[in-house]
Amino acid sequence: MTRTELMGAAALAALALTAGPAMAQDCERGALDARYCDADGDLLADTPDDEAELLDPETLIFAYTPVEDPAVYATAWSDFLDYLSEKTGKEVVFFPVQNNAAQIEAMRSGRLHIAGFNTGSNPLAVNCAGFKPFTIMASEDGSFGYEMEIITHPDSGISDVEGIRGNKMAFTAETSNSGFKAPSAILKADFDMVSGEDYEPVFSGKHDNSVLGVANGDYPAAAVANSVMQRMIERDVVPSDRIVSLYTSQTFPTTGYGTVYNLTPELQESIRDAFFSFEWDGTSLQEEFEKNGEAQFIPIDYKGYWDVIRKIDAANDVSYSCQ
């Protein structure tokens with residue numbers, strides 16, 4: 001573990017001692033957990049009016065969605081986090097999380113302040129952890145998003161989606177949109193294939209595991225975010241000729257970035273300003289994410305941008321109840 005990661009672990013441990021359970025409130029909240037309110041109807045937790053409920057930590061903890069090698073992203077985010085520290089006047093630490101559930105729980109319990117949650121886990125983070133997404137990455141022209149692809153390898157004997165019937169199908173995790181929820185809904189609705197009946201679902205844990213598993217012949221097919229797959233191909237982690245695409249979905253919003261709901265309004269504004277004023281040219285962030293054509297942060301509206309994701313969740317009977 002690097003010095004940065006050790007500092008993050010120590011900071012998280014310290015915060016764990018001070019984070020207490022929130023109390024249920026009598027207010028409008030929609031699908032939000034009982035500890036949150038949503039008076040303005042934007043589907044996000046309101047920032048508390050009571051100053052005693054606000055957080056203004058000396059050290060800010062940032063976590064990126066758990067895909068691929070965490071060490072790669074500790075480096076990739078380093079220049080941005082230095083800038084974020086400068087803009088907020090606080091120390092900022094990158095903390096690598098191993099799965100979506102751990103990331104959501106860290107924010108829910110007050111141990112994570114700023115994060116990028118993947119597409120599928122955004123609604124759960126919003127409703128269970130008080131996450132307030134306000135930006136995503138986009139290209140120079142403002143276009144954004146990724147597609148879910150169902151992939152196989154050249155030696156699988158599978159030439160189309162129908163060939164998955166009777167085979168194993170690799171997913172990433174149940175909180176992932178492209179790694180589980182979208183392909184499950186699409187296979188059922190468009191191809192009359194039900195998990196556990198028409199194919200055997202297996203779970204790899206992460207998109208890179210699924211891509212590698214297909215390329216190495218461990219899985220006959222898998223559903224992945226093509227943005228992750230493309231970065232892996234660009235870095236020569238997998239050869240492109242070991243991947244065959246069977247299906248490509250509509251475009252989905254990508255990782256959403258934001259803060260926990262109860263940071264002070266001034267701190268939330270400083271963090272927003274850092275995202276939108278950050279100059280990408282020549283930075284570690286550009287070096288990593290320009291592989292997908294991403295070049296800036298743009299504002300988003302969670303209520304509108306994640307509407308299709310919430311509909312996919314509804315089709316899969318996904319509950320946002322917090323365990």
Report task. Could you list all the salt bridge (Lys or Arg N to Asp or Glu O under 4.0 Å) pairs where at least one residue sits in residues 162-183, not counting sequence neighbours? Result -> E162-R165, R165-D198, K181-D313
**Report entry** Side-chain donor or acceptor of N167 paired with backbone N/O of G163 under 3.5 Å
**Finding:** yes
Query - Main-chain N/O of F117 paired to N122 side chain as donor or acceptor, under 3.5 Å - result: yes
Query raised in the report: Would you say the side-chain atoms of S249 and E147 include a donor-acceptor pair closer than 3.5 Å?
Result: no
Query raised in the report: How about Q268 and T47: does a side-chain donor come under 3.5 Å of a side-chain acceptor?
Result: yes
Query - I243 and H153, any side-chain heavy atoms less than 4.5 Å apart - result: no
Query raised in the report: More than 12 non-hydrogen atoms from neighbouring residues, nucleotides or ligands closer than 6.0 Å to CG on D49, yes or no?
Result: no
Query - Main-chain N/O of E294 paired to N292 side chain as donor or acceptor, under 3.5 Å - result: no
Requested in this report: Indicate yes or no: at least one non-hydrogen side-chain atom of D56 is less than 4.5 angstrom from one of E266.
Outcome: no
Query raised in the report: Salt bridge or not for D301 and K303, using N-O below 4.0 Å?
Result: no
Query raised in the report: Do F276 and Y257 belong together in a cluster built from hydrophobic side chains that touch within less than 4.5 Å?
Result: yes
Query raised in the report: Would a distance-only check, ignoring hydrogens and angles, find a side-chain to backbone donor-acceptor pair under 3.5 Å from S156 to T152?
Result: no
Report task. Check the side chains of N209 and S204 for a donor-acceptor pair under 3.5 angstrom, ignoring hydrogens and angles. Result -> no
Query - Polar side chain donor-acceptor pair, N118 to S121, under 3.5 angstrom - result: yes
**Report entry** D42 and Y302, any side-chain heavy atoms less than 4.5 Å apart
**Finding:** no
Requested in this report: Using the side-chain contact (heavy atoms from CB on, under 4.5 Å) rule, take Y64 and T255 through it: C-alpha gap first, then chi angles, then the decisive distance, then the call.
Outcome: CA-CA 9 Å; Y64 180 58; T255 299; 4.3 Å; yes
Query - Lys/Arg cation over aromatic F134: R272, 6.0 Å, 45° cone - result: yes
**Report entry** Y146 and T119: side chain donor to acceptor below 3.5 Å
**Finding:** yes
Report task. Quick one: sort the F278 and F80 rings into parallel, tilted or perpendicular, breaks at 30° and 60°. Result -> perpendicular
Query raised in the report: So, does T88 use its side chain to make a donor-acceptor pair with the main chain of L84 at under 3.5 Å?
Result: yes
Query raised in the report: Would you find a donor on one side and an acceptor on the other, under 3.5 Å apart, between the side chain of E28 and the backbone of C37?
Result: no
Query raised in the report: ring-ring contact (aromatic ring centres under 6.0 Å, His included) with W280: which of F275, F297, Y83?
Result: F297
Query raised in the report: If we only count heavy atoms from C-beta on, is the Q103 to Q98 side-chain gap below 4.5 Å?
Result: no
Query raised in the report: Can S176 and H207 be counted as having a side-chain donor-acceptor contact under 3.5 angstrom?
Result: yes
Requested in this report: State, yes or no, whether a side-chain contact exists between W77 and S284 at a heavy-atom distance under 4.5 Å.
Outcome: no
Report task. In sequence, state the C-alpha distance, the side-chain angles, and the governing distance for V93 and F62, and then conclude on side-chain contact (heavy atoms from CB on, under 4.5 Å). Result -> CA-CA 6 Å; V93 173; F62 172 88; over 6 Å; no
Query - N-O pairing of D208 and R231 below 4.0 Å - result: no
Query raised in the report: Given side chains that start at C-beta, do those of P48 and Y261 come closer than 4.5 Å, heavy atoms only?
Result: yes
Query - Ion pair check, R235 and E288, cut-off under 4.0 Å - result: yes
Query - Within 45° cone and under 6.0 Å: R111 NZ/CZ vs F95 ring - result: no
Query raised in the report: For I271, does its backbone N or O pair with a side-chain atom of K87 as donor and acceptor, under 3.5 Å?
Result: no
Query raised in the report: Is a side-chain N or O of H113 found less than 3.5 angstrom from the main chain of I61, in a donor-acceptor match?
Result: yes
Query raised in the report: Which word best sums up how the rings of F171 and Y199 line up, parallel for under 30°, tilted for 30 to 60°, or perpendicular for over 60°?
Result: tilted
**Report entry** Polar side-chain atom of D50 near backbone of A52 as donor-acceptor pair, under 3.5 Å
**Finding:** yes
Report task. Report whether M148 and V161 are members of the same hydrophobic cluster (ILVMFWY, side-chain heavy atoms less than 4.5 Å apart, transitive linking). Result -> yes
Query raised in the report: Okay, side chain of Y36, backbone of G130: is any donor-acceptor separation there less than 3.5 Å?
Result: yes
**Report entry** P299 vs T135 side-chain heavy atoms within contact, under 4.5 Å
**Finding:** no
Report task. Any chance you could measure T264, atom OG1, to E51, atom CD, to the nearest 0.5 Å? Result -> 9.5 Å
Query - K188 atom NZ: more than 12 heavy-atom contacts under 6.0 Å - result: no
Query raised in the report: Any side-chain heavy atom of L263 sitting closer than 4.5 Å to one from L54?
Result: no
